[in-house]
Amino acid sequence: MRHRIAVVGSGPGGLTFARVLHRHGYPVAVLERDPAPDARPPGGTLDLHEGLGQLALDKAGLLAEFQALSRPEGQAMRILDADGTVLRDWRPRPDDRANPEIDRRQLRDLLLGPLDVQWGRGVKEVVPEARDGVLVHFADGRQETFDLVVGADGAWSRVRPAVSSVTPHYTGVTSVETSLDDVDTRHPDLARLIGDGSVAVYGANRALVAQRNSGGHVKVYARFRAPLDWHTNLDLADAEAVRSSLPALFDGWAAPVLDLFRRGTAFVHRPLYVLPVSHTWTHVPRVTLLGDAAHLMPPLGAGANLAMLEGAELAESIAAAPGSDDLDDAVRVFEEQMWARAGKWAQITTAGLERLVSPDPTEALALFDQVQPS
């Protein structure tokens, strides 16, 4: 029996779910609101963990291709004091593949492969318990029925209200992101400062992180504690205004450190939102969630990894469920397993954010020494 299955969202979790189902011979409708794969910038690099994201790719039959694309050297991490002094300079062994980096665009293209994504199909609402299945209302007024709808549509999921009334809340930490292109040629001094992977600088209630992507591209993140309306008198679309105003929040920091931000060309404001640490819901037949839609947590390396493994595990469970009753039982078991694992990671990342953007910057250094001892 072939169930009518839809996954909403073409991020790492949704695509992994669809790709593993495809490997098992099951069709799945991938519904994505973006009109095309490159409609939006794909975001920064991801480190895929051996027991999480890499395991998911193995289940999809894509691990060898990932290893050819990934950058093990990108695991390198350097921590500086605000005056530019190097406090830690960790570099992976040549054979270290615990958490190699890969650009989001490369990962997306790897997962897309033979999948037929329905681009430009924004979902407005999902209504469970329809007579013939789950009714999906699209933004263009059309509707379609499925036997199972999986919400992999991120923080502001349109599927989540079908199973949970909970919405994300602001952490009190905001992020302003910018980029540097062709860094080795145009900014060789900053390229040396960043190294092969990432460089981070921590101060009281603020941090500056630069992360190397492939092709000489670098993402830079300024993170600090502030109310949501901190930028009321600042036009975030005015790059020059942001470039000249934001360094005041990092007063006294060394010029080379601030240049990581001052040489950026465009800026994006990303307040950090989360769902409750132990977000669960009463099971609703024919609808479920995974990834950020289910357990939005601070962006400290776990989110995409969890979403991918959840997508792979749910797909394998569905492939082993021949009938509609078996399908619902498989989803119930999946949700229980997801909640237990995600709850642990939510606790870890929530505590991690508190220490990385802390009144006492030595907390960030102590956390690094715990996670990556020299």
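Because the structure is predicted, anything quoted here is derived from the model rather than measured. Each residue takes its place number in the sequence, starting with 1.
In the model, R355 has a side-chain atom that pairs as donor or acceptor with a side-chain atom of Q370 under 3.5 Å. With 3.5 Å as the limit, one finds no donor-acceptor pair spanning the side chains of Q54 and H49. Between the side chains of S70 and R97, at least one donor N or O lies within less than 3.5 Å of an accepting N or O. A side-chain donor from one of T45 and E101 sits under 3.5 Å from a side-chain acceptor of the other. Side chain to side chain, H283 and E336 fail the donor-acceptor criterion of an N or O pair below 3.5 Å. Counting only N and O atoms by type, the side chains of S358 and E363 include no donor and acceptor under 3.5 Å apart. Between the side chains of T85 and D83, at least one donor N or O sits under 3.5 Å from an acceptor N or O.
Under a 3.5 Å cut-off, the side chain of Q75 and the backbone N or O of N99 do form a donor-acceptor pair. Using modelled atom types, no side-chain atom of R88 and backbone atom of L365 make a donor-acceptor pair closer than 3.5 Å. Judged by distance alone, the side chain of S244 and the main-chain N or O of E240 form a donor-acceptor pair under 3.5 Å. With D292 contributing its side chain and G154 its backbone, the two residues share no donor-acceptor pair below 3.5 Å. T350 places no side-chain N or O within donor-acceptor distance of the main-chain N or O of Q347, the cut-off being under 3.5 Å. Looking only at distances, no side-chain donor or acceptor of R78 sits under 3.5 Å from a matching main-chain atom of D196. Within the 3.5 Å criterion, the main-chain N or O of L21 finds no donor-acceptor partner in the side chain of R23. Looking only at distances, no side-chain donor or acceptor of R121 sits under 3.5 Å from a matching main-chain atom of E32. A distance-only check finds no donor-acceptor pair linking the side chain of Y202 to the backbone of D81 [under 3.5 Å]. The backbone N or O of G301 lies less than 3.5 Å from a partner atom in the side chain of N305, making a donor-acceptor pair.
For the atom pair CE of M308 and OG1 of T16, the computed distance is 4.0 Å after rounding to the nearest 0.5 Å. Atom CG in N205 sits 14.5 Å away from atom CZ in R223 (nearest 0.5 Å). We find the CG-CD distance between L46 and Q211 to be 8.0 Å, quoted to the nearest 0.5 Å. Rounding to the nearest 0.5 angstrom, the gap separating the CG atom in L31 from the CD atom in E144 is 7.0 Å.
Contact check for E316 versus K59: side-chain heavy atoms found under the 4.5 Å cut-off. Side-chain contact between V134 and D147 is absent, with no heavy-atom pair separated by less than 4.5 Å. Residues V166 and P276 meet the side-chain proximity criterion, which asks for heavy atoms closer than 4.5 Å. Side chains of R341 and L306 form a contact here, defined as non-hydrogen atoms less than 4.5 Å apart. Counting heavy atoms from C-beta outward, V28 and V150 have side chains that stay 4.5 Å or more apart.
Annotation for L300 and L353: closest pair CD1-N, 3.5 Å, computed over non-hydrogen atoms. Shortest non-hydrogen contact noted between D34 and A39 is CB-CB, 4.1 Å.
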Given ring pair (Phe, Tyr, Trp, His ring centres under 6.0 Å), test W90 with F368 step by step and report yes or no.
CA-CA 10 Å; W90 182 83; F368 175 82; 7.5 Å; no
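Both M338 and V331 sit in one connected hydrophobic cluster of ILVMFWY residues. Membership requires side-chain heavy atoms under 4.5 Å apart, directly or through other members. Taken together through direct or relayed side-chain contacts under 4.5 Å among Ile, Leu, Val, Met, Phe, Trp and Tyr, L327 and V333 form parts of separate hydrophobic clusters. Transitive grouping of hydrophobic side chains (ILVMFWY, heavy atoms separated by less than 4.5 Å) brings L290 and V117 into a common cluster. Cluster annotation: V176 and L190 are assigned to the same hydrophobic cluster (Ile/Leu/Val/Met/Phe/Trp/Tyr, side-chain heavy-atom contacts under 4.5 Å, transitive). Under the 4.5 Å side-chain heavy-atom criterion for Ile, Leu, Val, Met, Phe, Trp and Tyr, L367 and V209 are members of distinct hydrophobic clusters.
Two rings, from F261 and F267, have their centers less than 6.0 Å apart. Within the 6.0 Å centre-distance limit, the rings of W156 and Y273 are counted as a close aromatic pair.
The aromatic rings of H279 and W281 are tilted relative to each other, their planes meeting at an angle between 30° and 60°.
Looking at D259 and R263, a side-chain N of the basic residue comes within less than 4.0 Å of a carboxylate O on the acidic one, giving a salt bridge. Under a 4.0 Å N-O distance rule, the pair R105/D109 does not qualify as a salt bridge.
At most 12 non-hydrogen atoms from other residues, nucleotides or ligands lie less than 6.0 angstrom from CG of D116. Remark: R71 CZ is packed, more than 12 non-hydrogen atoms of other residues, nucleotides or ligands lying under 6.0 Å away.
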